[in-house]
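All values derive from a computational prediction rather than experimental measurement.
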Amino acid sequence: MGQAYSCITCFPSSSLSKDPRHLQRQHNIPDLEMNDSGSPTFLPLSPCATPTTTTTATSTPNSVARIPANLLNHTLDQPTQWLQLSPEISYNQNYSPLEMALSRQHRGSGFDVPGAVHSVTTPRLDKEMQTDAKLVIIMVGLPARGKSYIVKKLRRYLNWLQYETKVFNVGNLRRECESEHEQSAKFFDPDNAELKGIRDKLALDVLENLIKWLKDGGRVAIHDATNSTIERRALLLKRLRQEPQIRVLLLESLCTDERILERNFRLKLLGPDYRNRPAAEALADFKSRVANYEKAYQPIGDWEEERDIQYCKLINVGKKVIACNISGYLSGQCVFYLMNFNLAERQIFLTRHGQSTDNVTGHIGGDADLSPSGKKYAEALSKFIKEQRVQFALDLVHEQHEREEIWKSKGLEPLEKTDGARTPEELMKAKAEAVCNSQFIVWTSMLKRAMSTAAYFDPDEYDIKHIRFLNEINASICEGMTYEEISNVYPDEYNMRKQNKLFYRYPGIGGESYMDVIHRTQSMIIELERMSQSCLIITHRVVMRILLGYLTDMSQKEMPHMDVPMHTVFEVRPKPYGNEILKWRYIEHLDKFVQDH
């Protein structure tokens, strides 16, 4: 069997037309282009489609491509210039080249939603995967531009959607080798060919580990490094072109905000490279390292666009986003998410509704109202949230003061500058008042027990919204039953749910699984990341587990079994290094909330 070449497209004689664009539209061929003479050209398959190598079909004045009469009799032992098969398609004697080729083009959409989409397979293309079933994200950007912050959030989001995602950090491998090479700013000198070769080898070694992980079952891998030159990016892309089932997205983080940059520089002083060095010396060395990168830095732009490489630029951590040539479902999901987050310090409270009458009897689902105990919790909750808003403002001021004292003790200038008219203490007090007086949002589900739990929040003070996406999981035929009744009436269903709680779907009209609830709450996660205001979410056990699973970076095995007791409040505080989690229990006989440690 001869070596196959590029993606092909061919048409039955009945579909021939003098209009080449008609053929392209009729057969939905994304990779078909027309050259200056009107003949079709076929772009090669690669993770980043490049138009530099094409195969041109033979053309005549009366047709786009003349199809031989014995088309269906051709085999791979009788190759033609106009018919070429992609290397990953193995020829099956039961199907003609025409059928194989058309089948290949139809299987490249890559639309895959875990738990919601099932792709039908056929014997025709055994073990073939869609062309964007795997995704590699190559980070690009100077040090201290927020790359690691971005990739951690992106990894958490994709894992929450059940696309197994892992970050491969080149810096970690470099630090493992630091006994062999000096890790000061000199190591990053772009004019030192020997050290540049070492850095490139480290990047390629990490890439090989990344590819192996994807082949072992991973879905999205993130290459976390500066990758700051066209030469470096070309080196990585050349290797990835050998993996036809991997799509590539370049993700560049730029920062022009001097205040954010200075803060990021100082955060690096607490990292592994500078942990045991004097602060002033470490800061000077790090800025020298950045200067070395800046000498050779080549931002993403014309070179990538000329080769149709998909990329996304984030400026000032999402304040401005530029996306180019984005294709594939996974890439689109990433870009949409990246457009919707910010660095605002805020509180996110989550709680189940107050105890309902069905909770007292152990029945699931339904739309019962609150029990007397639940009403008492609702009243206490509104008071507690008001108290915590004030405490949060005071905590922010205290943390800022502590940070400034740390910089001062290390011989560094303060980050927070005074405006000349007010002292630092007056500025901190003004900030605390602004936080206390800022808008606070309350979300509840549309079920009575959740809306009643928000009844004591003043609508003039709080922005209250009832949202159907936050409703409890629909148990369909099991609604209104106890778990004991389910085990007796539907023992098989009860056992299947215990074995795979994440993907199990309740039978009957409207029945849902945890995965279904993840997909319907996806817009809630995006909105949480987008908004800068603090909020309280009053919802139900399954939805609580799913939202907390995202916010606490919990694995898919742990999330469906997370303990979320009744009358308990979880407080999440987003930070540059991750989320801080606080937990509060309501003690009914004391009518107060107590923090768990």
| So does Asp395 pair up with Arg573, basic N to acidic O under 4.0 Å? | yes
| Non-hydrogen side-chain atoms of Ile467 and Thr444 separated by less than 4.5 Å | no
| message | I'd like to know if the side chain of Asn159 reaches the main chain of Thr165, judged simply by a donor and an acceptor atom lying under 3.5 Å from each other, with no hydrogens or angles considered. | response | yes
| request: May I ask you to test the Leu582-Gln595 pair for a side-chain heavy-atom distance under 4.5 Å? | output: yes
| said: Looking only at the side chains, is there a donor atom on one of Thr453 and Arg352 sitting less than 3.5 Å from an acceptor on the other? | reply: no
| field | Backbone of Leu470 reached by a side-chain donor or acceptor of Thr539 within 3.5 Å | value | yes
| query | Would you call Arg505-Asp516 a salt bridge at under 4.0 Å N-O? | reply | yes
| query | Do Phe570 and Phe349 have ring centroids that are under 6.0 Å from one another? | reply | no
| said: Can you tell me how far apart CG (Asp367) and CD (Glu479) are? Round to the nearest 0.5 Å. | reply: 9.5 Å
| message | Give me the atom names and distance for the closest heavy-atom approach of Val321 to Leu338. | response | CG2-O, 4.3 Å
| query | Do the side chains of His353 and Lys448 get nearer than 4.5 Å, heavy atoms only? | reply | no
| Step-by-step side-chain contact (heavy atoms from CB on, under 4.5 Å) determination, Ile315 to Ile322 | CA-CA 8 Å; Ile315 301 169; Ile322 300 171; 4.2 Å; yes
| said: Any non-hydrogen side-chain atom of Glu580 less than 4.5 Å from a side-chain atom of Glu571? | reply: no
| message | Please confirm whether the ring centroid of Phe593 lies under 6.0 Å from the ring centroid of Trp584. | response | no
| query | Roughly how far, to the nearest 0.5 Å, is CG of Leu502 from CD1 of Ile546? | reply | 8.0 Å
| field | Test: Arg156 and Asp553 ion pair at under 4.0 Å | value | no
| said: Please check this pair: side chain of Lys376 against backbone of Glu588, looking for a donor-acceptor N/O pair closer than 3.5 Å. | reply: yes
| request: Would you check if there is a donor-acceptor pair between the side chains of Ser452 and Asp369 at a distance under 3.5 Å? | output: yes
| field | SB check Lys287 Glu262 (cutoff 4.0 Å) | value | yes
| task | Kindly compute the distance separating CD1 (Ile518) from OG (Ser513), expressed to the nearest 0.5 Å. | result | 8.0 Å
| query | Is any NZ, NE, NH1 or NH2 atom of the basic residue among Arg145 and Glu252 found under 4.0 Å from an Asp or Glu carboxylate oxygen of the other? | reply | no
| message | side-chain hydrogen bond (donor to acceptor under 3.5 Å, both in side chains), that's the test. Do His466 and Ser445 meet it? Break it down for me. | response | CA-CA 5 Å; His466 307 305; Ser445 78; over 6 Å; no
| request: Spell out, as yes or no, whether a donor-acceptor pair under 3.5 Å connects the side chain of Ser331 to the backbone of Gly328. | output: no
| field | Atom pair CD1/CG of Ile581 and Asp596 - distance to nearest 0.5 Å | value | 13.5 Å
| said: How close do Gly549 and Met559 get, counting heavy atoms only, and between which atoms? | reply: CA-CG, 3.9 Å
| said: Do Leu161 and Val113 make a side-chain contact, defined as non-hydrogen atoms from C-beta onward lying under 4.5 Å apart? | reply: no
| query | Quick one: does Tyr157's side chain get under 4.5 Å of Lys153's, heavy atoms only? | reply | no
| note | From the list Asp591, Val594, Thr351, side-chain contact (heavy atoms from CB on, under 4.5 Å) partner of Tyr586 resolves to Asp591
| Hey, does the Lys NZ or Arg CZ of Lys501 hover above the aromatic six-ring of Tyr514, less than 6.0 Å from the centre and inside 45° of the axis? | no
| Pro299 and Lys313: which non-hydrogen atoms are nearest, and at how many Å? | CB-NZ, 3.9 Å
| Would Glu461 and Gln439 count as a side-chain hydrogen bond (donor to acceptor under 3.5 Å, both in side chains) if you check the C-alpha gap in whole Å, the side-chain angles of each, and the deciding distance to 0.1 Å? | CA-CA 8 Å; Glu461 185 179 353; Gln439 185 184 45; over 6 Å; no
| query | When you look at Val572 and Leu350, which way does the side-chain contact (heavy atoms from CB on, under 4.5 Å) test go after all the steps? | reply | CA-CA 8 Å; Val572 180; Leu350 300 99; 4.1 Å; yes
| request: Find out whether Phe265 and Val290 are in side-chain contact, i.e. whether some heavy atom of one side chain is under 4.5 Å from a heavy atom of the other. | output: yes
| task | For the pair Arg155 (side chain) and Lys166 (backbone), establish whether a donor and an acceptor sit closer than 3.5 Å, ignoring hydrogens and angles. | result | no
| message | I'd like to know if Glu387 pairs up with Lys383 as an ion pair, taking the criterion as any Lys NZ or Arg NE/NH1/NH2 lying under 4.0 Å from an Asp or Glu carboxylate oxygen. | response | no
| task | Verify, without hydrogens or angle tests, whether Ser371 (side chain) and Gln355 (backbone) share a donor-acceptor contact under 3.5 angstrom. | result | yes
| message | One pair to check against side-chain hydrogen bond (donor to acceptor under 3.5 Å, both in side chains): Gln347 and Gln388. What are the steps and the verdict? | response | CA-CA 9 Å; Gln347 296 167 289; Gln388 290 307 303; 5.0 Å; no
| query | Ion pair present between Arg219 and Glu164, side-chain N to carboxylate O less than 4.0 angstrom? | reply | no
| query | Quick one: does Thr482's side chain have a donor or acceptor within less than 3.5 Å of a partner on His363's backbone? | reply | no
| remark: Separation between CG (Leu249) and SG (Cys334), nearest 0.5 Å, reads 6.5 Å
| Salt-bridge contact Arg530-Glu527 (side-chain N to carboxylate O under 4.0 Å) | yes
| Please walk me through it: do Leu381 and Val569 pass side-chain contact (heavy atoms from CB on, under 4.5 Å)? | CA-CA 9 Å; Leu381 180 64; Val569 175; 3.8 Å; yes
| So with a 6.0 Å cut-off around NZ of Lys212, is the heavy-atom count from everything else above 12? | no
| note | Rounded to the nearest 0.5 angstrom, the CD1-SG distance for Ile348 and Cys535 is 5.5 Å
| query | Would you say the side-chain atoms of Ser476 pair up with the backbone N or O of Pro507, donor to acceptor, closer than 3.5 Å? | reply | yes
| Just by modelled atom types, is the Lys319 backbone N or O under 3.5 Å from a matching donor or acceptor in the Asn316 side chain? | no
| message | Is the ring pair Tyr337/Phe341 parallel, tilted or perpendicular, if the boundaries are 30 and 60 degrees? | response | tilted
| request: Please report the shortest heavy-atom distance between Leu261 and Ala144, naming the atom on each side. | output: CD2-O, 3.8 Å
| field | Side-chain donor or acceptor of Lys147 paired with backbone N/O of Gly141 under 3.5 Å | value | yes
| said: Is there a side-chain contact between Pro574 and Glu345 in this structure, where contact means two heavy atoms from C-beta onward sitting under 4.5 Å apart? | reply: no
| request: Take Asp224 and Ser148, measure what side-chain hydrogen bond (donor to acceptor under 3.5 Å, both in side chains) needs, and give me the verdict at the end. | output: CA-CA 7 Å; Asp224 186 12; Ser148 294; 3.2 Å; yes
| Yes or no on ring-ring contact (aromatic ring centres under 6.0 Å, His included) for His223 and Phe168, after CA distance, side-chain angles and deciding distance? | CA-CA 5 Å; His223 190 274; Phe168 292 80; 8.5 Å; no
